[in-house]
2 protein chains.
Amino acid sequence: MTVLFSKKCELALQSVLYLSILPKGTIESADNISKQIKAPREFVSKILQSLTDVDIIKSKKGKFGGFSLAKDPKEIKLIDIITAIDGDYVFDSCVMGFPGCSDENPCPMHEKWAKLREESLQMLSTNTLADLYEITKRKIEKI
Amino acid sequence: MTVLFSKKCELALQSVLYLSILPKGTIESADNISKQIKAPREFVSKILQSLTDVDIIKSKKGKFGGFSLAKDPKEIKLIDIITAIDGDYVFDSCVMGFPGCSDENPCPMHEKWAKLREESLQMLSTNTLADLYEITKRKIEKI
DNA sequence: TTTTTTTAAGACAAAAAATTCCGATATTAG
DNA sequence: CTAATATCGGAATTTTTTGTCTTAAAAAAA
């Protein structure tokens, strides 16, 4: 079985999306976030830590501490979260795992896949948390 | 890090593609195939076994035994190989890992992703080994 | 028939990814 | 200051995926 993004990355996206629908500046604990997205707390906590390192969210220790967005939702693109966790490997490695796959020495899928890869990258690079606000809110409320 | 297809699936695609450029009916040993695609022999062997189960390739035991395509290259679609190894999970699970993601209760990426998912599926369902013959040959020869 | 070569099958081992645990440190309330 | 609550950082554990080994069975050649 196979996945586009790692589990870590999925939970990162879910966590940050959740933070993005809370009133601006809200500090939410890892415990609350993990409950909301129904994922193991310690694991979510670890993921959130790596997101603070790249300045997508910020953290506050101690009582009433937790995590909050480090910038405005319209400044955070989906691709930022993805590359922070999974790297940009997804978008520049060969789909079929062939060595040395490039425009000059393409694998059998290369050309046909290039278009899809480009479109995905485009989609993830243009959409910000702000763009997804309404639909995120609706989804989170239904979980 | 993350990948679209599992390693198994990548090697399955490479192996079958390799078989498809050999003269019709050629029987190639797991040993030769693994050397060609530079992958561990026993592992490739395992993968080839599962492909024989779904009738994409056929096997022959004993001296001069090995594997060969079970049908004409234009009868074998890429998607057949992928679902045989990775299942159809890739194309009907939520990109963000949200539970119960559907058209009625979509995740934030759902709609935008649907188009890409559909196009990928389309591409993998319409292309057969025969369609990729020339480019496969060129690639394999350069490995 | 015996030997050699190759797949089949399943147990086993190693590596990677996911998940948990724990001790340290920071922050705030009382 | 002390107690309570959080994050932080790193080690430890579990699970999944990848890869190996070993033995059996089939096929062809000697």
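Convention: sequence-line order gives letters A, B, ...; per-chain numbering from 1. As a basis for the values below, the full set of heavy atoms in this structure was taken, side chains included, without hydrogen atoms, waters or symmetry mates.
- Here dA13(C) presents its P atom at 18 Å from CZ of Phe43(B), a figure rounded to the nearest Å.
- Along DNA chain C, the nucleotide nearest to Pro40(A) and the one nearest to Ala30(B) differ in position, and the one closer to the 5' end is contacted by Ala30(B).
- Regarding Gln49(B), its CD atom lies at a distance of 16 Å from the P atom of dT6(C), rounded to whole Å.
- Side-chain N/O atoms of Ser6(B) and Asp86(B) include a donor and acceptor closer than 3.5 Å.
- The shortest heavy-atom contact between Pro106(B) and His110(B) is CB-CB, 3.5 Å.
- When distances are taken from the side chain of Ser29(A) to each of dT7(D), dA9(C), dC8(D), the shortest belongs to dT7(D).
- Across dT7(C), dT7(D), dG10(D), the shortest atom-to-atom separation from the side chain of Phe67(A) is found for dT7(D).
- For the pair Lys58(B) NZ and dT6(C) P, the computed distance is 19 Å after rounding to whole Å.
- A donor and an acceptor atom, one from each side chain of Thr128(A) and Asp131(A), are located under 3.5 Å apart.
- You won't find any donor-acceptor pair under 3.5 Å spanning the side chain of Lys8(B) and the base of dG19(D), going by distance alone.
- A straight line from CD1 of Ile85(B) to P of dT17(D) spans 13 Å, rounded to a whole angstrom.
- Between the P atom of dA18(C) and the CD atom of Gln14(A) lies a distance of 14 Å, rounded to the nearest Å.
- If you measure from atom CD of Glu42(A) to atom C1' of dT5(D), you get 14 Å, rounded to the nearest angstrom.
- Taking 4.5 Å as the limit, some side-chain heavy atom of Leu17(B) sits within range of a side-chain heavy atom of Met96(A).
- Between Ile27(B) atom CD1 and dA27(D) atom P there is a gap of 12 Å when expressed in whole angstrom units.
- When rounded to the nearest whole Å, the span between CG of Leu48(A) and C1' of dT7(D) equals 10 Å.
- Put simply, Ser59(B) has no side-chain N or O that comes within less than 4.0 Å of OP1 or OP2 on dT6(C).
- Inter-residue side-chain proximity for Lys139(A) and Asn105(B) is flagged as met; some heavy-atom pair is nearer than 4.5 Å.
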Heavy atoms under 4.0 Å is the rule here; annotate nucleotides 25-30 of chain C 5' to 3' with B where the base is hit, S where only the sugar-phosphate is, and - elsewhere. -BBBS-

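- For Tyr133(A), the side chain to side chain contact (heavy atoms under 4.5 Å, CB included) criterion is met by Ile21(A), Lys137(A), not counting sequence neighbours.
- Residue-to-nucleotide contacts include a donor-acceptor pair under 3.5 Å from the side chain of Lys46(B) to the base of dG10(C).
- Using a distance-only test at 3.5 Å, with no hydrogens or angles considered, a donor-acceptor pair links the side chain of Asn127(B) to the main chain of Met123(B).
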